[in-house]
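Just the heavy atoms: all of them, side chains too, but no hydrogens, waters or symmetry mates, feed the values below.
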Amino acid sequence: MQNRIIPAPESADTGALFAEWSKEYTGTVDDFYHFITTPTAQRDLFLRKTQKNTPHP
């Protein structure tokens, strides 16, 4: 099985991503940036869930 952790996620709207993160996690914007830039299974799960909830054009 191949590792599917996203090494460097991109987002045009980090404010919306932070708002989504804040629903499940407690912390500052700095905490969020640390979370989103550190590859972990927890971050991968968060990004996958966020992508499922985001409408695509």
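Scanning for side chain to side chain contact (heavy atoms under 4.5 Å, CB included) contacts around Tyr33 gives Thr14, Val29, Ile36, with sequence neighbours left out. The side chain to side chain contact (heavy atoms under 4.5 Å, CB included) check on Thr28 picks up Asp30, Asp31, with sequence neighbours excluded.
Using a 4.5 Å cut-off on side-chain heavy atoms (C-beta onward), Gln42 and Tyr25 make contact.
Between atom CG of residue Leu17 and atom CZ of residue Phe35 there is a gap of 9.0 Å, rounded to the nearest 0.5 Å.
A salt bridge does not link Glu20 with Lys49: none of the charged nitrogens is closer than 4.0 Å to a carboxylate oxygen.
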